[in-house]
Amino acid sequence: MDDVLTHIPQRTCIGCRQREPRSALVRLVAQQHTVAVDADRVLPGRGAWLHRRRDCLNRALASRACSRHLRTAITDTSGLEEWFDLGSSGAVLEEATKKAGRKPMGAQ
């Protein structure tokens, strides 16, 4: 019996509306009228999912999808935009910091 079906959680990107496995998207949560990236997917509260691409973020911001999906008025997205501007290097740095318990040598 090699055909074992496993459940892979699917989420919808609020920017482009495409469904992907949860691992391909980042989770966003509302924190006091700002949006934070929940890289570990452990923060409490309602979440929204987004691809790690800047174009998906731009679409979500233009259509006010963050406020609509998080069901709160989002007034500041600067932290979210900064996280996306760091790109994959920011996510890699964040992951390395988490694993090591401190920032890697040469990181700012």
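Atom set for the values below is all heavy atoms of this structure, side chains included, hydrogens, waters and symmetry mates excluded. Worth saying up front: this structure is predicted, and the values here are computed from it rather than measured.
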For the CZ atom of Arg41 and the OG atom of Ser23, what is their distance to the nearest 0.5 Å?
6.5 Å
Determine, step by step, whether Cys13 and Glu20 satisfy the side chain to side chain contact (heavy atoms under 4.5 Å, CB included) criterion, reporting the C-alpha distance in whole Å, the side-chain angles of both residues, the deciding distance to 0.1 Å, and the verdict.
CA-CA 8 Å; Cys13 174; Glu20 295 279 347; over 6 Å; no
For the residue pair Arg54 and Asp85, what are the closest heavy atoms and their distance?
NH1-OD1, 2.8 Å
Give a yes or no answer on whether the side chain of His33 reaches the backbone of Ala73 with a donor-acceptor pair at less than 3.5 Å.
yes
Does the pair Ile14 and Arg68 meet the rule for a side chain to side chain contact (heavy atoms under 4.5 Å, CB included), with working shown?
CA-CA 10 Å; Ile14 63 171; Arg68 192 171 52 251; over 6 Å; no
Gln32 CD to Thr75 OG1 distance, which is reported to the nearest 0.5 Å
10.5 Å
Any Glu81 side-chain heavy atom under 4.5 Å of Leu61 side chain
yes
Tell me the closest heavy-atom pair linking Gly15 and Leu50, and the distance in Å.
N-CD1, 3.7 Å
Should Val29 and Leu70 be marked as a side chain to side chain contact (heavy atoms under 4.5 Å, CB included) after you check the CA-CA gap, both sets of side-chain angles, and the distance that decides it?
CA-CA 7 Å; Val29 294; Leu70 295 173; 5.5 Å; no
Contact check, side chains of Gln10 and Trp49, non-hydrogen atoms, under 4.5 Å
no
Side chain to side chain contact (heavy atoms under 4.5 Å, CB included) evaluation trace for Phe84 with His51
CA-CA 10 Å; Phe84 271 81; His51 280 116; over 6 Å; no
Heavy-atom closest pair (Arg11 atom, Pro9 atom, distance to 0.1 Å) is NH1-CB, 3.9 Å
Hey, any chance Leu25 and Leu57 share a hydrophobic cluster, counting ILVMFWY side chains that come within less than 4.5 Å of each other, even indirectly?
no
Salt bridge flag under 4.0 Å for residues Arg27 and Asp40:
no
Using modelled atom types and a 3.5 Å cut-off, is there a donor and acceptor pairing between side-chain atoms of Thr34 and backbone atoms of Gln31?
yes
Main-chain N/O of Leu43 paired with Asp38 side-chain donor or acceptor, under 3.5 Å
yes
Here the gap from Thr6 atom OG1 to Ile8 atom CD1, rounded to the nearest 0.5 Å, amounts to 4.5 Å
If we ignore hydrogens and angles and just use 3.5 Å, is the side chain of Thr12 paired with the main-chain N or O of Arg17 as donor and acceptor?
no
